[in-house]
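See structure below.
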Amino acid sequence: MISSGVEPNGVTIATAISACSVLKLLNNGMAIHALAVEIGCIDDVLVGNALIDFYSKCEKLEASQLVFDCMPEKDVFTWNSMIGGYIQAGYSGKANELFTRMQNSEIQPDVITWNTMISGYIENGDEDEATDLFHKMEKDGKIKRDTASWNSLIAGYLHIGQKQKALCMFRQMQSSGFSPNAVTILSVLPACANLVALKKVKEIHGIVLRRNLEAAVSIPNSLIDTYAKSGKLVYSKALFDRMKSKDFITWNSMIAAYVLHGCSDEALSLADQMLMLGLKPEQSTFVSIILAHSLNENVEEGKHILTTMIEDDQLTPAIENYAAMVDLYGRAGRLEEAIRFIEAMPVKPDSSVWSRLLTASRVHDCLDLGIHAGERLLGLEPGNALIRHLVLQAYALRGTREDTFRVQRLQNEHQLPKLIGESWIESKNKVHSFVSGDRSKPYSNLLFAWIDQISIEVKQIGRRQGLCIADEEKEEVVGVHSEKLALAFAFVCSQPVVPRSIRIVKNLRMCSDCHRMAKHISLKYGCEIYLSHPKCFHHFKDGHCSCGDYW
DNA sequence: TTAGGGTTAG
């Protein structure tokens, strides 16, 4: 435009600066700022507003404040942009000061100002202040809450990990006569992505259909992911097949869904289809492809994929790609290669890398390497009780003189909270919780009798007794593990019919004894068992598990 | 024509 000799005006400048804000192009934006001064449109309120947002997004808050202070004329955008800048930088106190100043100025806060303050407070951990503002905003009758007001609160709760409160607000929103929009759905779906919330997912899917929200690609994308994590891979695939326009996230989500369910061949074939359509896989696609080769224990192919990614596609591997490689070597039992790979990595290994190595070490009974990985994990997350517990166990198992000293030192550093296994299962619209060794339920005797009977059968099949590093203490110590109680509950309460599909969520890693029992039950009764615990998803069917006995 | 709320990578 400039080289054609057309003079830009304030609108041109504001639009161009906005583009720089999105792309966080500090130098280009500053050049346009200089141009605005040169052509004399710097006092244009539109330009000033765009600049405040631009400098905030480039993390140059002092510059934003300077622009704000110099503006001869301010409007509601000016104030909102400046307040939003402080909020996004985490300065809710400073934002609140401006919010108060704004209320005493000739420009009054609008619904966006209020929403910005609400999301700012809650994301900075001040839940009370956020809900207080949410209630106050309609007090004087000038401001009406909108869908985004509800979304701010719901998304805020999710950011701080309060899923239940978010879902509760979601319900309240609907009973207050507000319809969820695409943003609401995209916030709330990941909160329901687990094996015991399938009904909730279906309910939200129902809202999507009734409100015609499936047109935006992001909605079916999120549903594909959520259904897979809720154990309904067939629903994910049905949605995928029906989608007329797919984007990268669609493909990545479906490929990752197959990997999650241990369907490596389907994942690889879908990745091939993606290539044939001329779509270039991105880093995240390669994570899934490497993991699929890992499931097949095809180390050479996995290594080839990483090379292809770097050399042919000119992509810099992300830490997740390196972690997937460790899984590839680890699952195949090539532990020395795994550790050599980690040592040669161009980036610093993070906890995902070390925890993959720890998994490999525990599955292949390699105590020394397990201790090495555990110590690294502990160095990265010293406050993590679970890791501390694993490291202590590993030292105790190895039991050299130095190990004993290390155990004592670790124990003295922190008081170890007791790790209690807990499992959840849904039945008749109610989620039931079981803790390991719990005999307090009125029907406990029925559960234990059922477990005793199955245990005898499983013991006859044989047990492998290796060096065991486990999240949870052995059952001889804590009593029957919670997932067995949940399994027994599923059978006992569906009598005389055999349950077809059982879904359980657990807080701690499953032990190999419980894993063996679940496989046996799936074979004996012809039922499917889905069980997830942090970082792992199991689908037991016909005596096999989708994890390939590696978790 | 500038401001707020959101999807994948077990």
Side-chain angles (χ1 to χ4, degrees), chain A residues 9-19 21 44-54 56-57 75-85 87-88 109-120 122-123 146-156 158-159 180-190 193-194 216-226 228-229 247-262 281-291 295 318-321 323-324 327 352 355-356 359 532-538 546-547 551:
Chain A
N9 62 10
V11 174
T12 327
I13 298 286
T15 315
I17 289 171
S18 159
S21 313
D44 189 329
V45 66
L46 215 65
V47 172
N49 294 346
L51 280 170
I52 290 172
D53 183 51
F54 163 70
S56 307
K57 295 227 164 87
D75 65 8
V76 69
F77 283 83
T78 320
W79 286 94
N80 287 352
S81 301
M82 196 63 241
I83 290 171
I87 287 290
Q88 263 153 25
D110 64 1
V111 67
I112 292 174
T113 328
W114 285 87
N115 293 351
T116 306
M117 289 302 301
I118 290 168
S119 61
I122 197 159
E123 280 178 36
D146 63 6
T147 310
S149 315
W150 288 93
N151 290 348
S152 300
L153 211 51
I154 292 170
L158 293 169
H159 273 289
N181 64 9
V183 174
T184 327
I185 303 293
L186 290 173
S187 304
V188 127
L189 270 177
N194 69 69
V217 202
S218 51
I219 296 281
N221 283 355
S222 185
L223 278 167
I224 287 173
D225 176 61
T226 307
K229 288 172 178 160
D247 65 6
F248 277 103
I249 296 179
T250 320
W251 288 90
N252 290 347
S253 302
M254 194 62 228
I255 295 170
Y258 276 131
V259 171
L260 180 66
H261 284 255
E282 48 177 26
Q283 287 166 331
S284 58
T285 326
F286 282 112
V287 172
S288 299
I289 297 176
I290 296 169
L291 289 174
L295 279 165
I319 195 86
E320 290 86 353
N321 295 107
D327 191 86
S352 74
S355 66
R356 298 249 191 205
T359 302
S532 73
H533 52 79
K535 301 201 195 302
C536 201
F537 183 95
H538 305 267
S546 60
C547 75
W551 75 100

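We name chains A, B, ... by the order of the sequence lines, and we start the count at 1 in each one. As the structure is a prediction and not an experimental result, all values here were calculated from the model.
In this structure, A:Asp247 places its CG atom 9 Å from C1' of B:dT8, rounding to the nearest Å. Going from atom NZ of A:Lys229 over to atom P of B:dT7 covers 11 Å, rounded to whole Å. Atom CH2 in A:Trp150 sits about 17 Å away from atom P in B:dG6, given to the nearest Å. Across the protein-nucleic acid pair, A:Arg356 atom CZ and B:dA9 atom C1' stand 10 Å apart, rounded to whole Å. For the pair A:Lys535 NZ and B:dA9 C1', the computed distance is 13 Å after rounding to whole Å. The nearest whole Å value for the distance from the CG atom in A:Asn181 to the C1' atom in B:dG5 is 8 Å. In this structure, CG of A:Leu186 is placed 17 Å from P of B:dG4, rounded to the nearest angstrom. Between the P atom of B:dG6 and the CD1 atom of A:Ile249 lies a distance of 14 Å, rounded to the nearest Å.
No hydrogens or angles considered: a donor-acceptor pair under 3.5 Å links the side chains of A:Asn252 and A:Glu282. No side-chain donor-acceptor contact under 3.5 Å links A:Ser222 and A:Asp225. Side-chain N/O atoms of A:Asp53 and A:Ser56 include no donor and acceptor closer than 3.5 Å. Side-chain contact of A:Asn181 with A:Asn151: a donor-acceptor pair under 3.5 Å is present, judged by distance alone. Side-chain contact of A:Asn221 with A:Ser218: a donor-acceptor pair under 3.5 Å is absent, judged by distance alone.
Among the protein residues, A:His533 comes within range of the nucleic acid bases, having at least one heavy atom under 4.0 Å from a base atom. Using a 4.0 Å heavy-atom criterion, one finds that A:Ser284 contacts the bases of the nucleic acid, with or without backbone contacts as well. Counting non-hydrogen atoms under 4.0 angstrom, A:Phe537 reaches nothing in the nucleic acid. Within the nucleic acid shown, A:Ala14 has no heavy atom closer than 4.0 Å to any nucleic acid atom. Backbone-only engagement by A:Ser81 is indicated by non-hydrogen atom pairs under 4.0 Å involving sugar-phosphate atoms exclusively. When heavy atoms are screened at a 4.0 angstrom cut-off, A:Asn321 is found touching no nucleic acid atom at all. Counting non-hydrogen atoms under 4.0 angstrom, A:Pro220 reaches nothing in the nucleic acid. Here A:Asp225 lies in heavy-atom contact (under 4.0 Å) with sugar-phosphate atoms only. Across all strands, A:Ala50 comes closer than 4.0 Å to no nucleic acid atom at all (heavy-atom distances).
Taking the side chain of A:Leu260 as heavy atoms from C-beta on, and the options B:dG4, B:dT1, B:dG10, the nearest nucleotide is B:dG10. Of the listed nucleotides (B:dG10, B:dG5, B:dA3), B:dG10 has the atom at the smallest distance from the side chain of A:Leu291. Comparing B:dA3, B:dG5, B:dG6 against the side chain of A:Asn151 picks out B:dG5 as the nearest. Here B:dT8 is the nucleotide among B:dT8, B:dA3, B:dG5 with the atom lying nearest to any side-chain atom of A:Asn252. Candidate nucleotides B:dT1, B:dG5, B:dA3 were compared by shortest atom distance to the side chain of A:Gln88, and B:dG5 ranks first. In the set B:dG4, B:dT7, B:dG10, the nucleotide with an atom closest to the side chain of A:Lys57 is B:dG4. For A:Glu123, whose side chain is taken as the heavy atoms from C-beta onward, the closest listed nucleotide among B:dT2, B:dG6, B:dA3 is B:dG6. Closest to the side chain of A:His159, from the set B:dT1, B:dT8, B:dG6, is B:dG6. Listed nucleotides: B:dG5, B:dT7, B:dT2. Nearest to the side chain of A:Asp53: B:dT2.
The aromatic rings of A:Trp551 and A:His538 sit perpendicular to each other, their planes meeting at more than 60°, with 30° as the lower class boundary.
Judged by atom type and distance alone, A:Asp146 reaches the base of B:dG4 through a side-chain donor-acceptor pair under 3.5 Å.
Residues A:Trp114 and A:Pro109 form a side-chain contact, since some pair of their non-hydrogen atoms from C-beta on lies under 4.5 Å apart.
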